[in-house]
Amino acid sequence: MKCEKCGAEVKDEEIFEFRGMKVCEDCYFDLMNPPRTCDPWASYAAKKEAERKGQDILADLSDEQKKLLDLIRNRGRVKKEEAANALGVSEDEAERIFSTLHHMDLLKGEKKGETIYWTSVN
Ligand SMILES: [Zn+2]
């Protein structure tokens, strides 16, 4: 017999009944699970897209920016002097690199007492 929804030819034993309609298995599950406005796949895709963009940002970083980011992600947090020493640059230069990464929302400053630490946003 024919599915009353899509018209596909279906064997009698593979017909499902949904609110009086005789439909094939595919249509039956479509009717049982109508597409919802909050589509988990849509938010999943959006998340993947954001991750992909995040990786693109990292690919665009200069070597010094990557070094600072790695350093901070490894240590959790560093002081400006420590970062400058580890990178072999002046504190002003370290500050400039930090400020770029700060604008990209990758790093942030954190004040503990009188000391300012640089730490990773994630
Ligand atoms: Zn059907």
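Values reported hereafter were calculated over all heavy atoms of this structure, with side chains retained and with hydrogens, waters and symmetry mates removed. Everything numeric in this text was worked out from a predicted model, so none of it was measured. When a residue number appears, it is its place in the shown sequence, counting from 1.
- With rounding to the nearest 0.5 Å, the separation of CD in Glu64 from CG in Leu71 is 13.0 Å.
- The nearest pair of heavy atoms linking Ala83 to Trp118 is CB-CZ3, 3.8 Å.
- With hydrogens and angles ignored, the 3.5 Å screen pairs a side-chain donor or acceptor of Thr119 with a backbone N or O of Gly76.
- Nearest heavy atoms, Phe18 versus Val23: CB-CG2, 4.5 Å.
- The salt bridge (charged side-chain N to carboxylate O under 4.0 Å, His left out) analysis of residues 81-97, with sequence neighbours excluded, yields the pairs Lys80-Glu95, Glu93-Arg96.
- Atom CG of residue Asn74 and atom CG of residue Leu69 lie 9.5 Å apart, to the nearest 0.5 angstrom.
- Of all heavy-atom pairs spanning Gln65 and Leu61, the tightest one is OE1-CA, 3.4 Å.
- Side-chain contact between Lys79 and Tyr117 is present, with heavy atoms from C-beta onward closer than 4.5 Å.
- Summarising the geometry, atom CG belonging to Leu107 is positioned 4.5 Å from atom CD1 belonging to Ile72; distances are rounded to the nearest 0.5 Å.
- Note that CE of Met32 is 11.5 Å distant from CG of Asp30, once rounded to the nearest 0.5 Å.
- Atoms OG and CG, on Ser62 and Leu101 in that order, are 7.5 Å from each other to the nearest 0.5 Å.
- Pairing each heavy atom of Cys24 with each of Cys3, the nearest pair is N-SG, 3.3 Å.
- Of the residues His103, Met104, His102, the one that meets the side chain to side chain contact (heavy atoms under 4.5 Å, CB included) test with Thr100 is Met104.
- With a 6.0 Å radius and a threshold of 12 heavy atoms from other residues, nucleotides or ligands, Lys2 has its NZ atom at or below the threshold.
- Of all the heavy atoms in Lys5 and Leu31, the pair that sits closest is CE-CD2, 3.8 Å.
- Closest approach of Ser120 and Arg73 over heavy atoms only: OG-NE, 3.6 Å.
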What side-chain donor-acceptor pairs closer than 3.5 Å can you find for residues 9-17, not counting sequence neighbours?
{"from": "Glu9", "atom 1": "OE2", "to": "Met1", "atom 2": "N", "distance (Å)": "3.4"}

